[in-house]
Structure formats: structure tokens, C-alpha cells
Amino acid sequence: MDSPPIRVLIVDDDALVRAGLSMMLANAGDLAVVADVADGAEVVAAVNQHRPDVVLMDIRMPRLDGLAATELLRARREPPEIIILTTFDTDDHILRAMRAGASGFLLKHTPPPEIVRAIRQVAAGEPMMSPAVLRKMMSYVAERGADPRRERARKLLDRLTEGERAVAALVGRGRTNGEIGGELSLSVATVKAYVSRLLTKLDLNNRVQIALLVHDAALDD
């Protein structure tokens, strides 16, 4: 039997954006837009009702912004994956989105095929970290120098075994499970097991947060 479609919820205060995204995603046979809402304050009810796999989330909305809504959703027992889709690409927005638990960050001028690919990727458990986002993360770490957040991150990473640290470092570089397996001569199943252990040991809820912790610690310096 064919796999069920990936269920997508669109959250944006611009009705034209919601309509455009819905039309675009309707052309992808393996995606289904289950609902769209106009404000972050409506997100929890929409998720309860429609059970999306992936949420496309705007940042700036009138009552509850997308970053706060992301934090609410990621605190759930079984949260959906979240892709931040916005016109704002400042370091602060990117880092807040990642710390909140978003699995991806896209600008609204991203070509439609890339948006579709990102949805498929995060639904499969692989974060969508574009090279531009990774560069911003690395630049942020380089510019701020040593601080308490770096020391905290390094203490957390000290809990890891040598193998776990190697996997964490490659997650921090945006590598997929297959790429990590190729570099470390591990099977994809073994890499997935490593990532699961990392999330448990570090008390994190997705791979993007592992990557952010690695950059906070400057593990790949």
C-alpha cells in the first residue's frame, strides 16, 4: 500500500500567502494541507484537531508570534515537526527558532521545489539546515567568543562517549544520517541509534538543537 500523505498545517497571518502555499503544495502528490490558520494563538487547537506531521510557521503574527507558538508545540508529548517560513532572516530569529525546537528555517522567497523537499525532509526526521543558516550559526559563535553558554554546552557534551561526540559534530555540520554513516563507516540504523542516544543524554528534542549545542560549544573548531 502507498504511504499516507504528509499532513501539513500552514500558519500565516497573510491570507494570500496561505492560499499560495496551499495551491503549491497541492501539486505535490505526497503532501496534504489539512488546515491553515492566521495566528499562532490558533495553532494548538488546529494541531489537536488535524494532527499535522509538519507545521509551516510564520514568525510575525498579531497575537502570538511563531517562535512562541513553536515553543508551545514542541513542549507537547508528540509534537509535529516545525519549519519556520518567514521574510526575516536575522541571527536572532534563526537562533530563537532553533532553540525553540524548529526543524527548519526557510525564507518566503525559497523556490517551491525546495519548500516541498524541506517538508519531506523534516517529516522523515532530517532537519532542514540550509548552508546560509549554518553560516549564520558559525558566524554567531565566532563573533561572541567565550561565554557562559559555551561553557554550559561543553559540560553537556562532556557526557558523551567519543563515538557520540563524533556523530554530534557531524550533526552540527548539517550532515544527514547517510552522510554521517559514510564518514564514520557506520550503518544508517547505527547512526539513528546514536542520534537517539544524543537526544536522551542531552535532554534535547531534535537534531537542530544538537547542532546548536555543538556550535555553542565550538566542538567543530
Side-chain angles (χ1 to χ4, degrees), residues 3-12 17-18 21-22 24-37 40 43 46-47 50-59 66-67 69-86 89 93-134 136-137 167-168 170-180 188 191-192 194-196 198-199 204-215:
S3 299
I6 298 167
R7 299 167 61 82
V8 181
L9 169 67
I10 298 170
V11 186
D12 198 294
V17 170
R18 296 198 306 274
L21 286 170
S22 295
M24 179 195 76
L25 298 180
N27 293 323
D30 59 338
L31 307 183
V33 177
V34 294
D36 63 79
V37 297
V43 164
V47 168
H50 300 286
R51 303 294 179 183
D53 302 301
V54 177
V55 177
L56 287 181
M57 182 85 75
D58 189 20
I59 287 184
L67 299 177
T70 296
E71 290 172 343
L72 285 176
L73 292 183
R74 293 303 300 181
R76 296 166 65 95
R77 184 174 181 180
E78 296 183 359
E81 301 296 340
I82 299 169
I83 297 175
I84 299 294
L85 186 63
T86 184
D89 65 345
H93 284 122
I94 292 172
L95 290 164
R96 283 186 61 199
M98 290 181 172
R99 294 195 196 285
S103 297
F105 191 103
L106 295 174
L107 298 181
K108 286 184 177 177
H109 58 67
T110 301
E114 291 187 26
I115 295 176
V116 170
R117 181 173 61 84
I119 292 171
R120 291 170 177 157
Q121 189 169 320
V122 301
E126 297 275 3
M128 200 301 301
M129 292 191 293
S130 70
V133 170
L134 282 171
K136 282 182 176 290
M137 288 173 60
V167 171
L170 291 174
V171 170
R173 295 173 193 162
R175 302 290 197 271
T176 66
N177 287 340
E179 290 168 342
I180 293 171
V188 170
V191 174
K192 288 181 178 179
Y194 267 112
V195 172
S196 294
L198 289 173
L199 294 173
L204 302 174
N205 61 27
N206 67 19
R207 293 167 64 108
V208 173
Q209 292 180 333
I210 296 174
L212 190 56
L213 189 70
V214 167
H215 285 276

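- Across every non-hydrogen atom of Ile84 and Ala97, the tightest pair is CG1-CB, 3.7 Å.
- The side-chain heavy atoms of Arg207 and Asn177, taken from C-beta on, include a pair separated by under 4.5 Å.
- Partner of Pro52 under the side chain to side chain contact (heavy atoms under 4.5 Å, CB included) criterion, chosen from Val54, Leu56, Val55: Val55.
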Subject >> Chi angles and distances behind the side chain to side chain contact (heavy atoms under 4.5 Å, CB included) call for Leu73, Val43 >> reply: CA-CA 8 Å; Leu73 292 183; Val43 164; 3.3 Å; yes
**OP:** Begin from the C-alpha positions of Val171 and Val214 and carry the test side chain to side chain contact (heavy atoms under 4.5 Å, CB included) through to its verdict.
**Re:** CA-CA 8 Å; Val171 170; Val214 167; 5.9 Å; no
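- Nearest heavy-atom pair, Phe105 versus Thr86, reported as atom, atom and distance to 0.1 Å: CZ-CG2, 3.7 Å.
- With sequence neighbours left out, the side chain to side chain contact (heavy atoms under 4.5 Å, CB included) criterion links Gln209 to Leu204, Asn205, Asn206.
- Nearest heavy-atom pair, Ser22 versus Val33, reported as atom, atom and distance to 0.1 Å: OG-CG1, 3.9 Å.
- The side chain to side chain donor-acceptor pair (under 3.5 Å) test applied to Asp12 returns Lys108, not counting sequence neighbours.
- Listed here is the closest heavy atom pair of Val37 and Ala46: CG1-CB, 3.9 Å.
- Nearest heavy-atom pair, Val167 versus Tyr194, reported as atom, atom and distance to 0.1 Å: CG2-CG, 3.8 Å.
- In this structure, Asp53 has no salt bridge (Lys or Arg N to Asp or Glu O under 4.0 Å) partners at least two apart in sequence or on a different chain.
- With sequence neighbours excluded, the residues that form a side chain to side chain donor-acceptor pair (under 3.5 Å) with Arg18 are Asp36.
- Among residues two or more places apart in sequence or in another chain, the salt bridge (Lys or Arg N to Asp or Glu O under 4.0 Å) test is passed with Arg7 by none.
- Evaluation of the salt bridge (Lys or Arg N to Asp or Glu O under 4.0 Å) rule for Lys192 yields no partner, not counting sequence neighbours.
- Rounded to the nearest 0.5 angstrom, Met57 CE and Leu106 CG are separated by 13.5 Å.
- Each of Asp58, Leu21, Ile10, Leu107 was evaluated against Leu85; a single residue qualifies, Leu21, per the side chain to side chain contact (heavy atoms under 4.5 Å, CB included) test.
- Pro111 meets the side chain to side chain contact (heavy atoms under 4.5 Å, CB included) test with Pro113, Glu114; sequence neighbours excluded.
- The side chain to side chain donor-acceptor pair (under 3.5 Å) test applied to Arg51 returns no partner, not counting sequence neighbours.
- With sequence neighbours excluded, the residues satisfying side chain to side chain contact (heavy atoms under 4.5 Å, CB included) with Ala35 are Leu9, His50.
- Between Ser3 and Asp30, the closest side-chain pair of non-hydrogen atoms is not below 4.5 Å.
- Between Glu81 and Arg74 there is a salt bridge, since a side-chain N of the basic residue sits under 4.0 Å from a carboxylate O of the acidic one.
- Val116 pairs by the side chain to side chain contact (heavy atoms under 4.5 Å, CB included) definition with Leu25, Ala28, Leu31, Arg120, not counting sequence neighbours.
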